[in-house]
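Owing to the predicted nature of the structure, the values given are computational and were not obtained by experimental measurement. Excluded from the calculations below are hydrogen atoms, water molecules and symmetry mates; all remaining heavy atoms, backbone and side chain alike, are included. Sequence lines set the chain letters: A, B, ... in the order given, protein chains first and strands last, and positions in each chain run from 1.
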Amino acid sequence: MDDRPVVVLEEVSKSFGPVRAVERLSMAIRPGRITGLLGRNGAGKTTTLRMINGIFLPDHGAITVFGAREAGAVRDRVGYLPEERGLYRKMKVLEQLLFLAEIKGRRPAAVRPRARAWLERFELWDKRDAKVEALSKGNQQKVQLIGALLHEPDLVILDEPTVGLDPVNVVLVRNVLRELRDQGRTVLLSTHMMTEAEKLVDDIVLIHRGRVVLAGALDEVRSSFGVDTVQLDFSGDGSFLAGLPGVARARLDAGSAELRLTPGADPQRVLAAALGRVAVARFAVAAPSLEEIFIDQVGAAAELAAAAGEAAS
Amino acid sequence: MSRAFPVLKREYLEVVRKKSFIVLTLLMPFLMAGMMFLPALLAVRGVADKTIAVVDGTGLLAAAFEAEAGPPVTENVPRQLRAAARSAPRPGGRLRFEYVAAGGDVDAAARPLLGRLQQGGKAGGGALDGVVVIPSGVFDDPEVALTYYSRSSADFMTQERLGSIVNRAVTHRRLAERGIVAADADRLLRRVRVEGVKLSRSGEQTAGGELNFLIGLLFVIMLMLPTFAYGQEVMRGIVQEKTERVVEILISSVSPMALLSGKILGLAAVGLTQVAVWFGLAAFAGLYVGAAATAVGVNLLGFLTVRVVLSFLVFYVLGYLMFVCVYAVGGAVSNSEKEAQQFMAPIMIVTMIPWILAMPILQNPDSRLAVGVSMVPFFAPFAMFMRVLVGEPPLWQVVLAVVLAAAMIVALFWATAKIFRVGILSYGKRPTIAELWRWLKVA
């Protein structure tokens, strides 16, 4: 298989008036993988995806998709799920899907059987003649997703694909995206939900304030942070965990904790200390979670930016 | 460009399937016909009988009012309609007179009658619809005028009829004083009718006249109305795609040019469908109701010549494309329908100019004004069509108008596409004119 990147961004910048949405952003999306574009709200994820789709033109820098500089040349090979629902409210579900495939160059008659298969899989076949506006938000999201996939694109770009879906549908979407990858297609999705991304993506690109903070294969990124994290599920009051010797930083939720250890600290001693105070249900030593890395990196970047701001003023 | 087709198809089907479209298309010709002919017919036929009191200061004109003024003799109603009214089973609008010969003081004689007019009959003596006062000096004094009192100031028809009855009587009287008997006087005073005939270059003759003017207006409305309606529709569609965010999907799938042309052509097809239905209905009406229409003297089919239908189609398409481009810009730069309406308000006024000029152009299709306006690209489709409809402008003028309009459309389409490309994706503040100009140069 061709290993050249499907999407390449080189030093791409985009401003909206005084707001710098994306600043000198470079990244490459590898073929046949699921890449997660991660970042906080307003980090520049949607702007980046819109530029890749040719909806916005970058102020500076170059974007190539399938080797083409002009988004129009490869439009038909790309499927796009925008952040906000983008469907004709008064149009019927099936009709709308056939229209979306038709503007991607597919004959309606040819995609009809596949449209039916997708609608059945997403439990929407009964609603094929309902107007979009009559559907629930989650169902509209599913219709939108089918619209992005119906013309069998080689590259699928999804802006927050699981927003508004219930857990059953989230699993369904996750499975669909894995299947697409297994068929050799490339998936690029954005999300701000790290636990969600962790279950799905192969590669990550973490952006903050329009710049790339961290990029690479998820496994490699995680292991590069070292196996220095203790994950603990327990019952009882865990507030003491943050103060244990050898714990550099602790993130506590109800009934679970993620503890980053100082270099050389012994995870077993942390476990022993915890056992004396709470009932431990699960104990693991691992690389830090994506969420932990995210907060670590973005927090650091935020602090750096704040420091730079102070130095400047 | 092939991607414009699915957009075109979607736009077309969306509008044509609407109930409002079907209803409007089928009812419009009837509404128009009703608006045109009903008031004229009603004005002649639907008038109720009236009782008029006549206060005659001379005391010499009783005979004129005793000979009851039977069928209406009005001068300002089209001849054909007058004929229709006369042949109607119940000619309405008879006048009954109460004659009062007032020697000397007409005001004193009129006072109780005016009271009855005001009271509407409650004062006794029956209701009056009007009182006409003839001053005593009516035969000699050139300054003297009749006074007609009525409760409705808009009843100009009765006023005209009274005027002509009194004038006829006064003239007869004056002639009688010079020794001419009444029968001779009638013969001397007979009016000669005017019959309008339009002479075309090929020698054909078609009936001209007042109704041609009305039908000319009807055609022009048929030409302009779809343009306004579907221009609005294009604008609303674009704004809606922006607010519903469909535009992101569209722009990532088809080029802005294909999107714009698909939209504009889709709705042009809607308009043509509508016009085709109207022509079809007119032909139907011609075949089955033709006899009735001809009886009333309405030569509607005289207008449905190949020349007129062809030029209708050409100028319809030109006029439509010209204005819809502007509406598309309005939609692309606005974030809500309300904003778009505000943007369009000044432009709408400009588009109304040929409509305002319809009257002089239809009446004098070869005047300098008509020729000038029909050469201005923005107005050409409407103005030139009016000229073709009622006159026979030189071929070179027609061709020049079409070429100029087509060139204007190409330029407008180019500018629209550029503004559309940028505007359709700009959410938030509406751009200023200066910003629009920058988009035009940059995009």
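Scanning both residues, B:Arg3 and A:Gly105, for their nearest heavy atoms gives NH2-CA, 3.2 Å. In plain terms, the two heavy atoms of A:Lys104 and B:Ser253 that are nearest each other are CE-OG, 3.3 Å. The minimum heavy-atom distance between A:Gln144 and B:Ile249, with the atom names listed, is NE2-CD1, 3.4 Å.
Side chains of A:Met91 and B:Arg10 form a contact here, defined as non-hydrogen atoms less than 4.5 Å apart. Inter-residue side-chain proximity for A:Arg50 and B:Ser252 is flagged as unmet; no heavy-atom pair is nearer than 4.5 Å.
With a threshold of 4.5 angstrom between heavy atoms, A:Ile103 approaches chain B through its backbone and through its side chain. Neither the backbone nor the side chain of A:Leu98 comes within contact range of chain B; no heavy atom of the residue lies under 4.5 Å from a heavy atom of that chain. With a 4.5 Å cut-off on non-hydrogen atoms, A:Leu100 touches chain B through its side chain but not through its backbone.
The number of heavy-atom neighbours closer than 6.0 Å to CZ of B:Arg236, taken from other residues, nucleotides and ligands shown, is above 12. Applying the 6.0 Å contact sphere to NZ of B:Lys18 captures more than 12 heavy atoms from other residues, nucleotides or ligands. More than 12 heavy atoms of other residues, nucleotides or ligands lie within 6.0 Å of CZ in A:Arg114, so this atom counts as buried by the packing criterion. Within 6.0 Å of NZ on A:Lys14 lie more than 12 heavy atoms contributed by other residues, nucleotides or ligands. Around the CZ atom of A:Arg20, the shell of radius 6.0 Å holds no more than 12 heavy atoms that belong to other residues, nucleotides or ligands. Crowding of A:Glu120 atom CD: a count of heavy atoms from other residues, nucleotides or ligands under 6.0 Å exceeding 12.
A salt bridge between B:Arg17 and A:Glu95 is present, with a side-chain N of the basic residue lying under 4.0 Å from a carboxylate O of the acidic one. Under the 4.0 Å criterion applied to side-chain N and carboxylate O atoms, B:Lys9 and A:Glu102 are assigned as salt-bridge partners. B:Glu244 has a carboxylate O that lies under 4.0 Å from a charged side-chain N of A:Arg89, or vice versa, which qualifies the two as a salt bridge.
If you check the side chains of A:Tyr88 and B:Glu241, you find a donor sitting under 3.5 Å from an acceptor.
Interatomic distance, B:Glu14 CD to A:Phe99 CZ, rounded to the nearest 0.5 Å: 9.5 Å.
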